[in-house]
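Here the structure is laid out as structure tokens; the discussion comes afterwards.
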Amino acid sequence: MIRYVFSRLATSIVLVLLATLVVFLIANTIPGDPALAALGDEQASDPAAVSAFRALYGLDKPLWEQYWRFLQRLAHGDFGRSISSRRAVMADIIDYAPATIELATIAFLLSLLIGLPLGIIAAVRRDSWVDHLARAVALIGVSAPTFWLAFIMLAIFYGYLGWAPGTGRLDPIAFAPDRITGMLLIDTIILGDWETFRDAAAHLVLPSIVLASATIGLITRTTRAAMLEALSQDYVRVARAKGLLARVVITGHALPNAMLPVVTLGGLAYANLLTGAVMTETVFSWPGLGRYTFRSAVSVDFPAIMAITTIVAAVFVLVNFLVDLSYAMLDPRVVKK
Amino acid sequence: MPAPADILLQVRDLRTWFLTDAGPVRAVDGVSFDLRAGETLGIVGESGSGKSVCAKSIMRLLDEPARIVGGSILFQGRDLANLDEAAIRSVRGREIAMVFQDPMTSLNPVLRIARQLVEAMTAHGRFTPKAARLRAIDLLRRMGVGAPERAINSYPHQFSGGMRQRVMLSMGFSNEPALLIADEPTTALDVTIQAQILELLRELNHDFGTAVILISHDLGVIANVCQRILVMYAGEVVEEGPPEELLSDPRHPYTWALLHAAPRIDATATDRRLATIDGQPPDPRAWPDGCRFRARCPFAIAQCADHPALLPINDTRASRCWVTQQGGTLRPPERAHPAPTMAIADARQPLLEVTDLHKHFVLPKDGYFTPARVLRAVDGVSLTVHRGETVGLVGESGCGKSTLARLVTRLHAPTAGKIVFDGIDISQARQSDIRPLRRRMQMIFQDPYASLNPRMSVGEILAGPLLLHRIVDSRSAASGRVGELLDLVGLPATAAGRFPHEFSGGQRQRISIARALAVGPDLVVADEPISALDVNIQAQIINLMVDLQERLGLTYLFIAHDLAVVRHVCDRIIVLYLGKVMEIARAADLFTRPLHPYTSTLIAAAPVPDPRIERTRRHVPMKGEPPSAVNPPSGCRFRTRCPIAQPRCTVEEPVLQPGVAGQMVACHFPGAL
Ligand SMILES: Nc1ncnc2c1ncn2[C@@H]1O[C@H](COP(=O)(O)OP(=O)(O)OP(=O)(O)O)[C@@H](O)[C@H]1O
Ligand code: SF4
Ligand code: SF4
Ligand SMILES: [Mg+2]
């Protein structure tokens with residue numbers, strides 16, 4: 001097992017490095033000169049200003065050297081300076097990431113909480129009303145466009161019914177709590193500030209539902225299919241032939257097998273939620289990485305794009321690594337003694 | 001008839017139907033039988049006759065949309081057919097246990113053996129987890145699992161099929177049930193392991209006094225374990241009786257047909273054709289009026305238009321047949337063809353010559369730093385196949401039979417060694433050079449369904465190779481030839497327009513034979529061509545292959561694990577063990593005078609469907625299971641299981657050399673067992 005962990009870890013590191021290289025090369029071949037983009041028309045016509053800018057950001061060095069410097073700094077968590085905000089990219093990311101992590105995690109938990117039981121019950125009571133409901137949820141969740149869903153939800157629950165608060169992470173007149181982790185739910189719990197906790201939680205409801213919608217559909221669908229598959233296996237018949245309770249047969253025998261494909265999908269889904277919230281964050285004015293990504297892309301903010309892409313790659317590789325480990329824990333056939 | 005007091009199970013007029021949208025499928029349709037406490041009862045019948053549904057009805061483990069629509073299942077005074085879910089649960093696993101066919105899928109792959117055994121006992125509250133675990137270890141030891149204290153902590157994938165079936169038996173006996181139902185428990189196992197499991201079943205029945213219902217399609221298996229046999233056909237019991245009488249003097253024409261269609265390992269007949277019956281079993285959605293066997297019955301009389309009842313024909317036997325109920329007996333079948341003496345000239349030309357052939361597979365590594373392991377699937381095999389000859393290849397699963405078949409047809413490239421086909425060395429030939437030769441050597445596979453493209457009509461499947469090899473130059477010429485081919489394998493010309501899924505297993509195997517013959521091959525390599533088929537269909541395919549050989553002068557390399565079949569169809573037989581040849585002999589010699597201990601144990605393990613003969617046969621217990629081909633034993637690779645192994649066998653590897661009468665054998669002590 002330990003050897004397996006290390007070999008998977010080694011593979012993961014190689015993958016992250018490869019990803020940074022690919023990103024680096026792509027970013028360098030896309031058209032659009034960051035110096036011209038950042039300096040504005042007047043300064044950009046001054047060759048001295050342009051070359052000073054290039055020297056400051058290392059843009060005048062050969063490609064491989066730029067990459068090597070990028071890797072060295074990466075090892076220290078230094079992604080360079082953002083061209084548009086002129087701050088350290090790392091500082092930007094520390095500012096923006098917690099909002100996204102909070103939103104994505106809540107959305108992910110929501111997906112599991114709804115998708116897993118729904119999928120399981122749908123499979124066990126096949127063709128019952130639960131099954132039909134599960135299939136409808138899966139279809140709507142997977143196929144409804146995010147921006148459409150976001151606007152509809154806002155219009156109904158904020159605009160018309162007034163049940164939900166508006167956009168943003170907190171009420172505009174509320175004071176943000178002192179920053180500890182940057183995740184409002186956690187910070188307010190630590191500070192014991194229950195009023196702000198309620199406000200933050202309320203603001204999370206709509207965006208997390210919108211963000212989770214596709215994932216709920218996917219998890220419901222996968223869980224249902226995997227459970228149906230497991231329930232049709234011989235070992236389930238054998239378990240019933242032992243005289244076990246139906247509940248034990250389902251949770252003790254079918255479920256552990258059905259979880260194998262769900263773990264893989266769940267990991268990927270979480271990575272997607274963490275990195276793919278651009279649309280939801282934009283509609284709900286959520287100050288997260290999604291919006292930061294959008295802004296950096298538009299302004300060809302090269303260091304920021306590099307940093308974000310590296311983080312995205314790292315998130316995917318890390319999640320995959322965790323998926324592999326939990327898979328190995330769930331399925332004894334993966335790691336041979 | 002047994003005294004009512006010791007009757008354990010009384011099934012009366014059981015009807016289990018599948019209520020499908022297209023109308024009820026009457027899978028079990030009026031089955032009645034009694035079982036005494038401690039009795040062993042065998043149920044035989046071809047696939048689809050309702051054996052498994054009958055067993056699942058007793059356990060109330062039916063799949064949707066099956067329903068018990070009529071009848072009763074009296075067990076210890078209760079009608080299992082009417083028990084509620086909680087009550088039937090307390091019967092399952094505690095009073096009645098069940099062992100299923102496929103040990104590879106019967107155990108939950110993600111749970112430890114210990115958990116799966118323990119929960120079977122704790123579920124009924126008769127054991128604490130601790131006591132259950134100790135008992136599980138005892139049971140595993142009793143069932144012949146080595147080092148049970150360690151084995152119990154393993155996961156199923158760490159066990160072979162035979163070992164898993166021992167685990168399943170431990171589970172079955174863990175609550176000392178009054179009845180064990182075993183549904184084809186040895187069908188997925190090698191004949192050697194089958195013999196071990198059947199022996200175990202006999203002992204357990206004797207030691208625990210547990211009654212056993214053993215379901216099998218193999219009369220030999222049933223005959224050697226059971227005190228009474230039920231024969232099922234079309235959802236009914238058609239004959240019942242003790243094996244000694246039922247198998248030597250069948251009183252239902254279907255039993256009679258089953259018995260004569262199966263080749264026997266103790267047969268001495270020279271005729272390779274088997275007695276078969278025509279047609280298919282009737283459709284379970286609409287059983288015919290009258291006797292359900294009438295359309296296929298060679299003994300039918302006018303009265304058979306009425307449905308016969310299952311009636312006693314003497315003290316111990318019952319039959320559902322008008323003819324035998326009136327005292328008639330069933331004469332043995334006439335052989336259509338008098339024994340043809342296969343024209344085997346002495347100075348035959350070799351068609352295929354294989355010298356010191358090797359195939360090594362490099363297995364995927366466990367981690368980055370472990371050395372790669374090499375599996376020597378074929379490890380130095382030499383053999384010759386002459387023109388017009390049928391050579392059999394036998395051995396346990398994993399011994400390299402299929403790999404060898406794929407090597408000689410060059411579907412695999414050999415690691416080393418020489419393959420000469422009709423004077424041409426093809427061992428290193430490129431695929432482009434092989435292609436023209438493919439016409440002359442064809443393969444038939446075990447699973448006729450997997451090997452036929454489901455999206456092509458039979459006509460297209462057969463025309464493909466004709467056009468590819470430019471045997472015909474136009475589509476219209478191809479379709480004419482397709483008609484001839486279908487006729488050759490006994491299918492109607494209309495079959496050309498239909499698709500593979502519209503055919504039964506036997507018909508599909510006919511189609512794959514037609515496809516192999518389309519290009520006019522000299523050599524046909526058949527890898528387990530009949531293993532997936534019912535006895536009667538097996539016999540039909542064997543007859544077809546024998547006919548075709550005579551008419552077209554074919555040469556066969558015939559792979560099978562069923563020794564009786566091999567004895568029946570082959571001129572010479574090659575016995576493989578862990579990638580090496582153990583013995584080569586003419587079929588008659590091999591079975592009357594095996595020289596290699598492995599051959600002797602294989603033959604002894606194959607059951608004969610006649611308890612009286614079985615009692616006089618020699619029983620050579622085969623120890624254990626084949627070792628891994630990655631790390632074969634030193635010296636003689638059979639020594640770990642050889643009953644007569646000597647110290648010399650550990651250090652010195654025996655070479656294949658001529659023994660008695662030119663029989664080739666690789667053993668230091670040939671003929672000593
Ligand atoms: N492509 C492959 N890679 C690795 N191992 C293989 C491969 N093909 C076959 N083997 C192994 O080679 C050995 C011989 O296999 P083969 O299929 O020839 O056995 P067999 O005697 O025909 O068995 P069975 O009766 O089960 O069909 C087995 O241990 C098998 O697992
Ligand atoms: S009843 Fe008639 S048709 Fe049926 S098995 Fe007997 S002889 Fe054949
Ligand atoms: S060489 Fe020895 S171990 Fe091998 S088969 Fe012969 S007697 Fe048995
Ligand atoms: Mg094989």
Side-chain angles (χ1 to χ4, degrees), chain A residues 1-14 123-128 226 228-263 324 326-337, chain B residues 55-56 59-64 85-112 115-125 153-158 167-168 171-172 174-175 177 181 183 363-370:
Chain A
M1 185 74 193
I2 290 174
R3 191 200 285 154
Y4 177 80
V5 173
F6 275 106
S7 82
R8 298 294 308 128
L9 199 60
T11 315
S12 302
I13 291 170
V14 172
V124 172
R125 304 214 182 289
R126 197 180 179 172
D127 289 325
S128 68
L228 282 178
E229 164 81 21
L231 286 170
S232 73
Q233 297 296 313
D234 286 350
Y235 54 76
V236 166
R237 193 198 308 281
V238 170
R240 287 173 64 205
K242 287 183 203 174
L244 301 182
L245 288 166
R247 182 174 47 77
V248 178
V249 174
I250 291 163
T251 57
H253 282 265
L255 195 58
N257 285 280
M259 278 304 106
L260 297 176
V262 177
V263 163
D324 281 351
S326 25
Y327 208 105
M329 236 117 74
L330 286 172
D331 188 348
R333 289 164 296 187
V334 173
V335 193
K336 299 199 202 77
K337 292 193 302 183
Chain B
K56 287 183 198 164
M59 290 289 275
R60 290 269 307 280
L61 282 175
L62 293 163
D63 300 313
E64 281 297 306
E85 190 57 30
I88 189 73
R89 213 179 48 238
S90 70
V91 173
R92 285 186 198 140
R94 176 176 179 164
E95 313 286 354
I96 308 179
M98 191 157 174
V99 174
F100 297 87
Q101 169 169 353
D102 192 350
M104 303 315 266
T105 56
S106 287
L107 287 164
N108 195 326
V110 304
L111 303 180
R112 289 183 199 275
R115 151 106 190 259
Q116 303 192 46
L117 284 173
V118 165
E119 71 179 358
M121 290 181 256
T122 52
H124 297 289
N153 288 320
S154 312
Y155 287 99
H157 72 272
Q158 295 165 311
V167 172
M168 293 307 295
M171 198 181 283
S174 58
N175 289 306
I181 303 176
D183 189 354
L363 299 180
K365 294 206 233 175
D366 280 348
Y368 286 125
F369 312 110
T370 47

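For clarity, every value in this text was computed on a predicted model and none was experimentally measured. Proteins come first, then strands; the chains are lettered A, B, ... in the order of their sequence lines, and each starts at number 1.
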Top contributor to chain A interface from B:Pro109, B:Ala86, B:Pro156, B:Ala123 [non-hydrogen pairs under 4.5 Å]: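 It is B:Pro109.
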Between B:Glu119, B:Met59, B:Met98, B:Arg94, which has the largest tally of heavy atom pairs under 4.5 Å with chain A?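 Max contact count across the listed options: B:Glu119.
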Below 4.5 Å from any heavy atom of chain A, which atoms of [X] appear? Answer side chain, backbone, both or neither.
X	value
B:Met171	side chain
B:Ser90	neither
B:Asn175	neither
B:Leu107	backbone
B:Glu64	neither
B:Arg60	backbone
B:Ala120	both

Considering all heavy atoms of both residues, which atom of B:Ser106 and which atom of A:Val238 are nearest to each other, and what is their separation?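 Scanning both residues completely, I find the closest heavy atoms to be O-CG2, 3.4 Å.
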Does the side chain of A:Arg333 come within less than 4.5 Å of B:Val110's, by heavy atoms?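 Yes. Closest side-chain heavy atoms under 4.5 Å.
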If we only count heavy atoms from C-beta on, is the A:Asp234 to B:Gln101 side-chain gap below 4.5 Å?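 No, their side chains stay 4.5 Å or more apart.
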Check whether any side-chain N or O of A:Lys242 sits under 3.5 Å from a backbone N or O of B:Gln116 as a donor-acceptor pair, and report yes or no.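 It does hold such a pair.
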Can you tell which part of A:Leu244 gets under 4.5 Å to a heavy atom of chain B, answering side chain, backbone, both or neither?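 For A:Leu244, heavy atoms of backbone and side chain both lie under 4.5 Å from chain B.
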Among the listed options A:Gly243, A:Ala239, A:Ala246, the residue most often paired with chain B at heavy-atom distances under 4.5 Å: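 Option with the greatest count: A:Gly243.
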